[in-house]
Amino acid sequence: QVQLVQSGGGLVQPGGSLTVSCSASGIRLDHYYIGWFRQAPGKSREGVSCIRSSEGDTMYADSVKGRFTISRDSAKNTVSLQMNSLKPEDTAVYYCAALRERTYYSLSEWTIFPYEYWGQGTQVTVSS
């Protein structure tokens, strides 16, 4: 059984930092795209970042470029999203998602990938 288990998140003041992590069981993430998405109340889900684990190349939404960093830890079978300089508009439930790498996928289309597995969601609240 495949599971993506998320951890981290919480409440932070504007300008602060948080990390959310996504640990996998039942699969090795070494050859998966791992995407991070978020959904704020009353808004549609938004792609935040993605990493192609085999190559380590990454993509970011314009709204988080320069503030968020996605990374993977092969030994821990985990992908993390380090979030710095957080803003109130970053408040949302964050989800990780995984899709096995295949040659016909292009990383540039990461926001519309048919992700196979999803994490349970983690609340991130940025407020003073």
Side-chain angles (χ1 to χ4, degrees):
Q1 182 181 1
V2 177
Q3 278 191 309
L4 299 182
V5 179
Q6 296 179 219
S7 59
L11 172 65
V12 67
Q13 292 185 341
S17 298
L18 282 175
T19 299
V20 288
S21 296
C22 179
S23 297
S25 61
I27 56 172
R28 289 290 309 171
L29 294 180
D30 298 331
H31 294 280
Y32 275 80
Y33 295 100
I34 306 299
W36 282 98
F37 294 81
R38 65 187 181 186
Q39 189 163 19
K43 295 188 176 181
S44 57
R45 189 175 64 197
E46 173 191 21
V48 176
S49 182
C50 184
I51 186 168
R52 178 168 49 183
S53 294
S54 63
E55 302 293 333
D57 44 347
T58 59
M59 297 288 285
Y60 295 94
D62 288 343
S63 58
V64 305
K65 275 182 185 175
R67 300 188 298 121
F68 290 13
T69 302
I70 190 171
S71 63
R72 64 183 181 90
D73 185 329
S74 183
K76 295 182 179 180
N77 207 27
T78 296
V79 172
S80 296
L81 185 69
Q82 172 70 40
M83 303 179 288
N84 299 326
S85 303
L86 282 160
K87 305 174 182 180
E89 52 263 43
D90 294 318
T91 296
V93 177
Y94 284 70
Y95 298 90
C96 64
L99 173 69
R100 180 179 287 276
E101 294 176 20
R102 288 182 170 84
T103 56
Y104 47 80
Y105 290 131
S106 171
L107 184 58
S108 62
E109 297 177 338
W110 64 276
T111 61
I112 60 172
F113 278 169
Y115 290 94
E116 299 169 83
Y117 310 108
W118 288 84
Q120 81 276 18
T122 302
Q123 178 69 46
V124 171
T125 302
V126 186
S127 175
S128 54

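Quick caveat: nothing in here was measured; it's all calculated off a predicted structure.
- Formation of a donor-acceptor pair under 3.5 Å by the Arg72 side chain with backbone atoms of Asp30 is not found in this model.
- Side chain of Gln6 to backbone of Cys96: a donor-acceptor contact under 3.5 angstrom is found.
- Between Trp110 and Ile51 the shortest side-chain heavy-atom distance does not fall below 4.5 Å.
- Under the 3.5 Å distance criterion, with hydrogens and angles disregarded, a donor-acceptor pair is assigned to the side chains of Gln82 and Thr19.
- Legend: residues meeting side chain to side chain contact (heavy atoms under 4.5 Å, CB included) with Ser127, ordered by chain and number and at least two apart, are Leu11, Thr125.
- The shortest side-chain heavy-atom distance between Tyr95 and Leu4 does not fall under the 4.5 Å cut-off.
- Applying the side-chain hydrogen bond (donor to acceptor under 3.5 Å, both in side chains) criterion to Thr91, with sequence neighbours excluded, gives no partner residue.
- Follow the hydrophobic side-chain contacts under 4.5 Å out from Val12 and you reach Met83 in the same cluster.
- You'll find the side chain of Tyr117 stays beyond 4.5 Å of the side chain of Cys22, heavy atoms only.
- Looking only at side-chain heavy atoms (C-beta outward), Arg28 and Ser74 come within less than 4.5 Å of each other.
- Residues Ser128 and Pro14 approach most closely at N-CD, 3.7 Å, considering heavy atoms.
- Every residue two or more places apart in sequence or in another chain was checked for a side-chain hydrogen bond (donor to acceptor under 3.5 Å, both in side chains) with Ser7, and none qualifies.
- At least one side-chain heavy atom of Pro114 sits under 4.5 Å from a side-chain heavy atom of Leu99.
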Can you give each donor-acceptor pair under 3.5 Å made by side-chain atoms of residues 53-67, sequence neighbours left out, with the distance rounded to 0.1 Å?
unit_1, atom_1, unit_2, atom_2, d
Ser53, OG, Leu29, O, 2.9
Ser53, OG, Tyr32, O, 2.9
Ser54, OG, Glu101, OE1, 2.5
Ser54, OG, Glu101, OE2, 3.2
Asp57, OD1, Arg52, NE, 3.1
Asp57, OD2, Arg52, NE, 3.2
Asp57, OD2, Arg52, NH2, 2.4
Tyr60, OH, Ile70, N, 2.8
Asp62, OD1, Lys65, NZ, 3.2
Ser63, OG, Glu46, OE2, 3.4
Arg67, NH1, Ser85, O, 2.9
Arg67, NH1, Asp90, OD2, 2.7
Arg67, NH2, Ser63, O, 2.8
Arg67, NH2, Asp90, OD1, 3.0
Arg67, NH2, Asp90, OD2, 3.4

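- Taking both residues in full, the closest heavy atoms of Leu81 and Ser49 are given as CD1-CB, 4.1 Å, listed atom of the first, atom of the second, then distance.
- Partners of Arg102 according to the side chain to side chain contact (heavy atoms under 4.5 Å, CB included) rule, which considers only residues two or more places apart in sequence or in another chain, are Arg100, Tyr104, Tyr105, Glu116.
- Hydrophobic clustering of Ile, Leu, Val, Met, Phe, Trp and Tyr side chains at less than 4.5 Å, counting indirect connections, unites Val48 with Val20.
- Judged by distance alone, with hydrogens and angles left aside, the side-chain atoms of Asn77 form a donor-acceptor pair with the main-chain N or O of Ile27 at under 3.5 Å.
- A single hydrophobic cluster is not seen to contain both Trp118 and Ile112; linkage of ILVMFWY side chains at heavy-atom distances under 4.5 Å, directly or through other members, places them apart.
- Classification of the Tyr115-Phe37 ring pair by plane angle, with boundaries at 30° and 60°, yields perpendicular.
- Looking at Gln39, its side chain does come within 3.5 Å of a backbone N or O of Lys43 through a donor-acceptor pair.
- Residues Leu107 and Cys50 come closest through the heavy atom pair CD1-SG, 3.8 Å.
- Partners of Asp73 by salt bridge (Lys or Arg N to Asp or Glu O under 4.0 Å), not counting sequence neighbours: none found.
- Looking at every heavy atom in both residues, Leu18 comes nearest to Gly9 through CD2-O, 3.8 Å.
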